[in-house]
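Every chain is numbered from 1, with letters handed out A, B, ... down the list of sequences. Note that the coordinates shown come from a computational prediction; the quantities given were computed from them, not determined experimentally.
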Amino acid sequence: MAFASGYFKTSYKADLSLVETRTRWLFLAILIIGLICFPFIASPFLLDLASQVCLSLIGAVALMLLTGYAGQISLGHAGFIAAGAYVTAILFKEFNAPIWVTLPASGLVGAILGIIFGLPSLRLKGVYLALSTLAMHFIVVYMGAEYESRRGFATGIVIKPPSIGPFIIRDPLVWYFLALIAAVAALLFSINLVRSRSGRAWVAIRDREVVAEAIGVKVPLYKLSAFVTGAVMTSISGCLFAYYRGFVSVEAYSLFLTIQYVAMIIIGGLGTILGAVLGTIFVVLLPYTIDAVGRALQVPARLTTYMFAIQYASFGLIMIIFLVVEPGGLVAVWNRIRNYFILWPFKRRPMGR
Amino acid sequence: MQIIVNTVVLASLYSLIGCGFVLIYRASRVVNLAQGELMAMGGYFLFTVAMGLFKEPIPSFLVASVFSVGLGFIIYFFLMRFMAGESVFAAILSTIALGILLRGLITLIWTSQLWHPLEKMGITNASHTLVKDAVISTFGIVTVLSAFFIYLALFLCLKFTRWGLRMQAVGENPLLASRRGIKLHNYYALSWGVAAFTGGFAGMIQSCDAILEPGMVAIGLKTFPVVLVGGLDSLAGVIPGAFVVAIAEVIAINYISPQASEAAPFVVLLIMLLIRPWGLFGTKEELERV
Amino acid sequence: MTRNGGEGLLNVENMGVVYNNVSAATHGVSLKVYKNEIVALLGTNGAGKSSALKAISGFLGIDNARVVEGFIEFKGERIQNQPPHAITLKGIALVPEWGKVFENLTVEENLEVCVPAAKRQVKKQDIAQLLEYFPPLQKAKKRLAGYLSGGERQMLSISTALLCKPDLLLVDELSLGLAPVIVDELMGLLKIIRDEQGVTILLVEQNALAALGIADYGYVIENGRIVFAGTAGTLLSHKDIQEFYLGQADRESRTSYRDVKQYRRTRRWYG
Amino acid sequence: MDKPIDLSIKAISLAIGGLKILSGISFDVYKGELLALIGPNGAGKTSLLNCISGIYNPTGGEILFNGMDLARRTSHEVAEAGIARTFQLTELFKHMNVLQNLLSGRHLKMKSGLLSNGFFWGKTIKEEVEHRQAVEKIIEFLELGKYRKTESAGLPYGTQKIVGLGRALAMEPQLLLLDEPSAGMNRQEKEDIARFILRIKHEMGLTIIWVEHDMQLVGDLADRIVVLNFGTKIAEGKPDQVLSDPTVIESYLGTRAGAK
Amino acid sequence: MLKKGLFGMVLSVALVAMFFVPAYAAPEPYLVGAAISITGPGSEPLAPIKDALDIYFKDVNAKGGINGHPVKLLIEDTMNEPSRAATQARQLVTQNKVSLLILAGLSSLYAPVVQVAEQYNVPLLFLGVCPPETYPPKADPNQFCSTAFGMKFDSSFAVPFIHEQSKGSSLKLALEAMNVPLSRNEIDWAEQLAKSMGIEVVDKEVTPPPTADFTPFATKMKSSGATWAYSYGPWGMEVRTFEALRKLGWKGKYLAYGHIQAEDELKRLKDDDFYVYGTNAFFTDNTQAHQRIKAMSEKEKTVYPYTQLTDGWIGATVIEEVLKKVPWPATPDKVRESMNQVKVDTQGLKGGPIVWTKTNHYRTTGYYRAYKWDSKKNAVVIAKDWTAIEVK
């Protein structure tokens with residue numbers, strides 16, 4: 001196959017492989033090496049951001065499965081994250097439970113919440129479903145607030161760093177790799193899901209519910225399973241986030257958090273896992289990028305108050321610009337850039353989408 | 001007795017905010033999550049006008065209303081126009097982004113200080129005793145009356161004028177309306193303008209009756225329970241919806257726990273979705289549309 | 001070429017419509033409609049007739065499609081890729097398929113809504129005059145349009161379109177979902193309206209038989225191309241049209257579907 | 001007919017929102033036959049199909065299939081019972097490619113669960129390969145090879161309908177319901193469809209209920225025809241006999257067709 | 001198409017590039033990092049702190065800095081979001097290498113920022129509000145507090161004050177807090193204190209943070225027959241409840257904690273029975289320090305009015321005093337060392353100096369004063385002058 005003009009597969013199994021061509025293997029290898037080397041060259045601040053991206057990615061991919069693939073709109077994502085975080089906090093505070101208890105417990109509570117959040121989806125869709133999940137979010141956060149004020153945890157609940165055996169996970173470097181592994185695991189899990197039976201059932205429901213049912217998909221079951229999968233992954237990310245931050249408090253799980261996750265999948269591009277990745281990177285880094293721009297502008301101290309207000313507003317503005325200029329999301333931008341380089345130096349673009 | 005008066009005033013405020021939401025939804029099926037920000041903007045417009053242009057209340061209110069309507073038009077022509085035909089979710093997100101933008105603008109222009117437009121206009125918010133034990137403030141009365149008259153005006157307009165008729169047609173079948181030579185953009189912009197006006201007016205009254213601060217956008221969150229209980233597409237439903245939510249809130253404050261008053265409207269919302277998802281006055285077909 | 005001795009009203013020249021910048025729906029469609037004519041555009045689903053119709057009425061934008069080649073000229077003015085309400089105001093009114101009406105408005109309100117702002121002088125008597133063509137509607141004036149029968153809906157749809165005082169009436173799939181008897185009645189009404197009101201009509205139809213019954217001239221579109229054009233009479237007597245569109249060729253002379261071409265065995269992907 | 005009965009429809013009636021759509025329709029479908037269902041638009045053909053496939057639950061009557069009453073079953077239960085259908089308008093999952101669309105038809109034949117899918121371990125891989133082979137056979141059968149990885153929204157209209165047919169076949173049903181497979185196709189495409197339908201009947205031995213508008217196709221291919229009008233059955237029998245039935249001509253085929 | 005592609009490319013390049021823009025490279029100044037809630041919900045009492053710090057250190061730097069080195073303030077806007085505050089604190093400490101961290105934000109931001117301070121062992125000064133970890137007998141080594149309020153001390157002034165004022169008449173007290181930890185805890189403590197003093201507490205209201213309408217709460221307070229009301233929480237809640245009570249025709253007296261807005265608000269409300277108390281002197285004192293704040297504020301055209309700058313100004317005075325005793329080059333350890341034994345003269349802005357010791361990072365003595373409006377004099381008057389409360 002030395003002069004192969006294309007890459008031919010010789011079995012159906014080969015067609016299932018995720019990484020198809022040698023070039024892609026090469027890119028993947030570079031990416032992996034880059035990710036491993038990254039913490040050794042980056043500043044602690046960048047490392048912190050990278051860990052945040054990785055942890056957020058789990059929640060974003062989960063929302064992508066739920067909304068982008070199964071088509072169930074949810075505005076209650078922060079509720080799932082809060083649930084995971086509060087389960088961790090409560091177990092830690094009340095029973096001093098270690099991470100190998102809180103992590104599965106968060107997942108379990110997430111699963112239960114997923115079913116509860118998902119039940120309205122059997123009857124409702126679109127805006128109605130979105131608003132019902134929004135209501136659920138408020139109720140979950142209210143319960144968290146009640147716990148906090150009843151137990152008198154004045155300024156949120158502080159959680160000690162988790163330990164596995166004798167090792168205490170505290171070092172940012174360790175956290176980075178932990179978050180990276182968790183994110184990659186979540187990514188692989190999601191990619192596998194969407195390319196096999198369950199994922200196809202979800203997309204079928206999203207694209208055409210009546211037809212999905214006619215080919216034998218148990219629609220209620222699969223809707224709930226989408227909610228449960230999304231909720232479990234998100235709750236686990238909530239648990240990890242709680243450990244990473246070292247505290248849990250109501251203010252951290254406001255509607256704004258949901259908005260950020262929704263922004264991730266829409267700005268990334270609905271219906272693609274890559275979109276979730278790009279969207280997460282974009283949304284997590286955006287405020288700090290805006291900060292950096294603001295700082296680079298060297299505004300006189302007197303005007304910085306206005307500068308901060310502008311920064312706050314520009315988060316909204318950039319989101320709006322994105323929605324208006326590029327409804328296809330970052331994936332569409334990515335595909336254009338890729339096509340440009342694949343074709344370079346030829347100008348003709350392929351007849352694709 | 002006092003509790004009833006309070007509830008009526010609160011419900012009037014909610015129905016003022018909610019009607020803008022319903023108008024936009026009916027005309028363009030867009031869920032506007034920036035209703036609270038539109039409301040706050042109204043208050044800030046009033047403050048600016050009262051401080052810079054007029055000292056008298058009535059011209060101040062009028063000019064601020066004009067600004068509010070203008071804001072609605074601007075929002076439509078510079079943002080929402082481009083969201084036509086996008087997914088429900090993208091449209092929701094764009095209104096959220098709009099909310100963030102507006103909040104940033106408020107801090108930018110008026111900072112996060114507390115303001116009192118009432119003081120600038122040199123009038124006081126006197127109290128009046130209705131019956132024994134029941135007191136209502138001047139702007140409480142204004143809230144109730146303006147809710148009444150704005151609703152009356154809206155009903156009359158929608159029922160008996162060409163514009164109202166066409167607005168209804170646009171909401172029902174935009175494609176067909178456009179085939180009949182109705183300029184969709186104008187009607188969508190109109191719905192945004194009216195929504196910004198009613199919301200903004202609520203904000204003006206609220207800023208006079210209480211205080212003007214960026215935090216007042218949080219009231220906008222109550223819109224969703226209000227309109228869903230009434231029915232997303234039903235203007236008439238907003239009023240009972242507002243009452244149900246206001247009553248739920250007052251009951252929560254008085255008999256359960258004050259903090260529950262934040263969650264209570266959403267519990268009401270969920271119960272409503274469970275038993276009658278299309279709302280008290282909404283149409284069942286609406287469920288299938290979105 | 002002039003037909004009927006009338007002057008040209010609509011001139012579609014070499015029009016190509018492309019969806020999503022990629023897939024072409026029509027290639028070089030050319031057709032002409034002269035004043036006071038009834039022209040039929042015939043074709044099966046997906047042949048490109050609805051794309052042509054959307055292009056003329058300005059509804060391509062909604063499906064992310066554009067006219068990329070050629071032009072559409074109406075009264076000497078290029079109108080391709082303009083928004084629908086602008087085209088309506090220029091004098092082209094569309095009667096959409098399935099008799100779409102505003103279901104939550106009454107028949108009367110449906111009619112009032114459709115009076116364009118530019119032509120305010122249209123008064124109640126115009127509506128009354130129009131309703132004389134459609135006696136069933138007159139009886140149902142106060143009823144919600146959602147409760148009308150299929151035929152009545154089409155009548156309402158036609159009359160609302162006529163209220164826009166169009167020069168050209170586009171009628172999309174009038175026969176769809178209606179009993180043949182009612183289709184005949186509606187077609188007859190259209191002809192009367194044309195004769196009395198002087199409206200030009202472009203019928204876009206699958207039901208070739210019904211359309212050619214009243215049309216003066218007809219075009220047949222297939223795979224995005226005009227394949228036949230001619231007067232109604234020519235088309236009705238054309239052998240292929242008879243076989244494929246009118247379904248009336250005798251069974252002996254045509255090929256049966258049972259004797260279709262041989263199955264080509266394609267190579268399976270891997271062994 | 002002495003063939004065994006596959007599906008038996010007994011006095012089916014359906015009303016939606018006070019509107020009577022079907023009233024008391026009964027007929028039998030025999031094993032391995034190609035039964036065409038014809039009638040004007042709005043006669044209730046598609047509604048009847050929806051009743052059989054569980055999308056609507058009829059207000060009265062029974063639909064017996066393998067000793068099971070389908071009248072009160074949900075759509076996916078009907079699918080589990082071995083009935084597959086195609087849809088009138090192209091109803092492919094438009095963001096899936098052809099392969100995925102066909103594989104989605106194998107949903108019921110596959111058994112792997114969510115977790116197994118997520119980790120993509122042994123069972124799932126084995127299943128994916130196995131069912132891929134089954135799907136490849138259908139791709140070959142329907143000559144879809146060159147479209148394998150094309151997203152279905154970008155396919156030509158006719159091809160989309162064939163993929164829809166393929167997805168139904170992928171379910172390996174006993175009974176196939178076709179809803180106007182040839183609608184909007186040109187002669188060439190109709191010939192393809194005709195060929196596929198005949199091959200399905202002869203090579204796979206499926207029972208087919210076929211809603212069709214094209215009288216030529218029906219006349220040439222169908223074993224038996226049932227004619228519906230205004231929700232009632234007005235005729236049933238062999239093609240020649242039904243198509244020359246005066247009531248059918250009057251209410252459906254139209255007198256003009258004969259006259260001119 | 002090409003334009004869109006370009007848009008995407010420019011955007012991604014900009015995104016990447018922004019992270020490699022060197023932030024602050026100059027090593028000479030004292031680096032002080034501040035995470036302040038300037039925008040976002042609940043930022044109204046905190047945003048003016050930035051103004052005060054800005055003008056104070058502009059003046060200091062103009063006069064040649066501290067020990068010959070200028071002070072460089074690195075200010076970040078937390079938007080009152082906990083995660084954002086944590087990230088910014090980490091950025092300030094690890095990337096910008098500040099030797100002192102300042103936090104002015106709601107109580108929900110404590111935990112995340114304290115974590116960072118602990119992890120990197122950097123002293124953390126609270127402006128605005130502060131946690132009880134700074135109180136004696138065992139203060140957290142890294143946490144310091146120069147703010148106005150202090151949990152359990154404020155009400156130790158307020159409750160006896162009410163008791164004293166109501167001598168000779170019947171006293172029925174209603175309490176109000178907002179459902180945020182600080183406010184709620186303080187009111188619980190006030191209730192306990194009042195009961196121990198034999199005061200009848202007839203009502204206690206806890207309002208949720210985004211309350212649209214305080215009338216329901218005011219109605220409950222009024223119907224409880226209260227003659228005095230004490231409210232402790234954000235200014236908006238305090239004053240709106242008072243106004244709601246007055247709207248309902250309540251005739252009682254009202255005590256509120258006097259936040260930065262208090263001075264202007266007393267003049268606006270002009271109500272003889274509305275009392276505020278706090279630890280800062282009002283501008284009616286017109287000391288030299290007050291004159292300086294006013295002059296600087298007017299010169300620099302601060303965003304917030306000069307009456308709201310006192311808190312931040314005091315904080316800045318403390319920072320200056322601390323840095324003065326830090327030998328060059330400054331490190332977090334040296335700064336902490338200096339903070340462990342500092343005595344700051346507040347120049348009349350408070351009732352006395354702020355003194356920190358190794359075990360007390362709050363102050364050894366708190367000084368409180370109460371103000372009210374006097375309609376006869378048509379001016380704000382002192383209702384009770386400086387009262388010292390020992391902090392133990």
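- Of the atoms belonging to A/Thr67, it is side-chain heavy atoms, and not backbone ones, that fall under 4.5 Å from chain B.
- Neither the backbone nor the side chain of A/Thr258 has a heavy atom closer than 4.5 Å to any heavy atom of chain B.
- A/Ile320 approaches B/Ser94 most closely through the heavy-atom pair CG1-O, 4.4 Å.
- Between chain B and the residues A/Leu129, A/Leu131, A/Thr305, A/Leu119, the most heavy-atom pairs under 4.5 angstrom are made by A/Leu131.
- Taking all atoms of both residues into account, the shortest heavy-atom contact from B/Leu270 to A/Ser132 is CD2-O, 3.8 Å.
- At a 4.5 Å heavy-atom cutoff, the contact between A/Ile265 and chain B is made by side-chain atoms alone.
- Heavy-atom distances place both the backbone and the side chain of B/Leu273 under 4.5 Å from chain A.
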Working for side chain to side chain contact (heavy atoms under 4.5 Å, CB included), residues B/Leu232 and A/Val127: CA-CA 9 Å; B/Leu232 261 186; A/Val127 175; 3.8 Å; yes
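- Between the side chain of B/Arg103 and the main chain of A/Ala313, no donor-acceptor pair closer than 3.5 Å is present.
- Of the residues considered (A/Ile310, A/Ile267, A/Val262), A/Val262 shows the highest number of contacts with chain B, using heavy-atom pairs under 4.5 Å.
- Using a 4.5 Å cut-off between heavy atoms, A/Leu255 contacts chain B through its side chain alone, with no backbone atom that close.
- The nearest pair of heavy atoms linking B/Leu93 to A/Met319 is CD1-CE, 3.8 Å.
- B/Phe266 contributes atom CZ, which lies 9.5 Å from atom NE2 of A/His137 (distance to the nearest 0.5 angstrom).
- In this structure, the portion of A/Phe256 lying under 4.5 Å from any heavy atom of chain B is its side chain and not its backbone.
- If you tally non-hydrogen atom pairs under 4.5 Å between each of A/Leu134, A/Leu75, A/Ile259, A/Leu270 and chain B, the highest count goes to A/Ile259.
- The two residues B/Ala90 and A/Leu323 have their closest heavy-atom pair at O-CD1, 4.0 Å.
- For the atom pair A/Met307 CE and B/Leu108 CG, the distance stands at 10.0 Å (nearest 0.5 Å).
- Within a 6.0 Å radius of CZ in B/Phe78, other residues, nucleotides and ligands contribute 12 heavy atoms or fewer.
- For B/Leu221, the part lying under 4.5 angstrom from a heavy atom of chain A is the side chain only.
- One distance of note links CG of B/Leu105 with OH of A/Tyr312; it measures 11.0 Å at 0.5 Å rounding.
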Trace of the side chain to side chain contact (heavy atoms under 4.5 Å, CB included) decision for B/Leu228 with A/Tyr128: CA-CA 8 Å; B/Leu228 263 185; A/Tyr128 287 85; 3.6 Å; yes
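- Contact check for B/Val267 versus A/Phe138: no side-chain heavy atoms found under the 4.5 Å cut-off.
- At most 12 heavy atoms of other shown residues, nucleotides or ligands fall within 6.0 angstrom of atom CH2 in A/Trp334.
- Heavy-atom minimum distance, A/Ala130 versus B/Ile92: CB-CD1, 4.5 Å.
- Atom OH of A/Tyr142 sits in a crowded spot, with more than 12 heavy atoms from other residues, nucleotides or ligands closer than 6.0 Å.
- The choice from B/Ala263, B/Pro225, B/Pro277 that makes the most heavy-atom pairs within less than 4.5 Å of chain A is B/Pro277.
- Among A/Ala145, A/Ala263, A/Pro120, the residue making the largest number of heavy-atom pairs under 4.5 Å with chain B is A/Ala263.
- Closest heavy-atom contact between B/Met83 and A/Val324: SD-CG2, 4.4 Å.
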